[in-house]
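Predicted, not measured: the structure shown is a model, and the values here were computed from it.
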Amino acid sequence: HYPKMLGMNQVNYHPQSSRYILANYGFIDLNGQPRPWHQSPNVMQHRTQLTLFDSPSPWGPFSLFHRDDDWRSPNGAGGGYCPVMPPKWLTSSTAWVVSAQCCAKTTDILRHYNFSVQRFHFSFRT
């Protein structure tokens, strides 16, 4: 149960572990409470939470195996959303995560939104 915290999700099969991995994002306020983006009153200061879940089947149930309450891009920008793990970029212990990042630390409006690629290392307990 993860109220108010589901973004646009993708589930990928990880053949090395025979598990399905779901990458999810959600916004939280500075106190760690769920903060849907279009909720009133509008709070300008928020963080992006990245959560990774796994399951033996594509329909669940899913278990949380990673949580980052201040997920940022490699350049320090917050506001990440829509994390995707392209299946071709999954190995036994590494995943490359592709996402969109808003809120870059720049005054150049054309660079406010960025395409981000991050490498994650993980392992599953058997």
Got a donor-acceptor contact below 3.5 angstrom from the [X] side chain to the [Y] backbone?
X   : Y   : answer
T91 : T94 : yes
D54 : L64 : no
Q10 : P86 : no
H14 : P87 : no
T48 : W71 : no

Side chains of C82 and S99, heavy atoms from C-beta outward: is any pair under 4.5 Å?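 A side-chain contact under 4.5 Å is absent here.
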
Hey, could you give me the [atom1]/[atom2] distance between [X] and [Y], rounded to the nearest 0.5 Å?
X   : Y   : atom1 : atom2 : value
F62 : R19 : CZ    : CZ    : 9.5 Å
N12 : I21 : CG    : CD1   : 7.5 Å
D70 : I28 : CG    : CD1   : 7.5 Å

Candidate list N24, L50, L52, test side-chain contact (heavy atoms from CB on, under 4.5 Å), partner P83, passing option: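 Among N24, L50, L52, the one meeting side-chain contact (heavy atoms from CB on, under 4.5 Å) with P83 is L50.
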
Do Y20 and V84 land in one hydrophobic cluster if side-chain heavy atoms of ILVMFWY residues count as linked below 4.5 Å?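 The answer is no; the residues belong to distinct hydrophobic clusters.
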
Which heavy-atom pair separates P56 from P61 by the least distance, and what is that distance?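 Reported closest heavy-atom pair: CD-O, 4.2 Å.
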
So which heavy atom on V97 is nearest to which on M85, and how close?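 Scanning both residues, the minimum pair turns out to be CG2-CG, 3.9 Å.
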
Which word best sums up how the rings of Y25 and Y81 line up, parallel for under 30°, tilted for 30 to 60°, or perpendicular for over 60°?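 The arrangement is tilted - the two ring planes meet at 30° to 60°.
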
Could you label the plane-to-plane angle of the W96 and W89 rings as parallel, tilted or perpendicular, counting under 30° as parallel and over 60° as perpendicular?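 Perpendicular: the ring planes of W96 and W89 meet at over 60°.
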
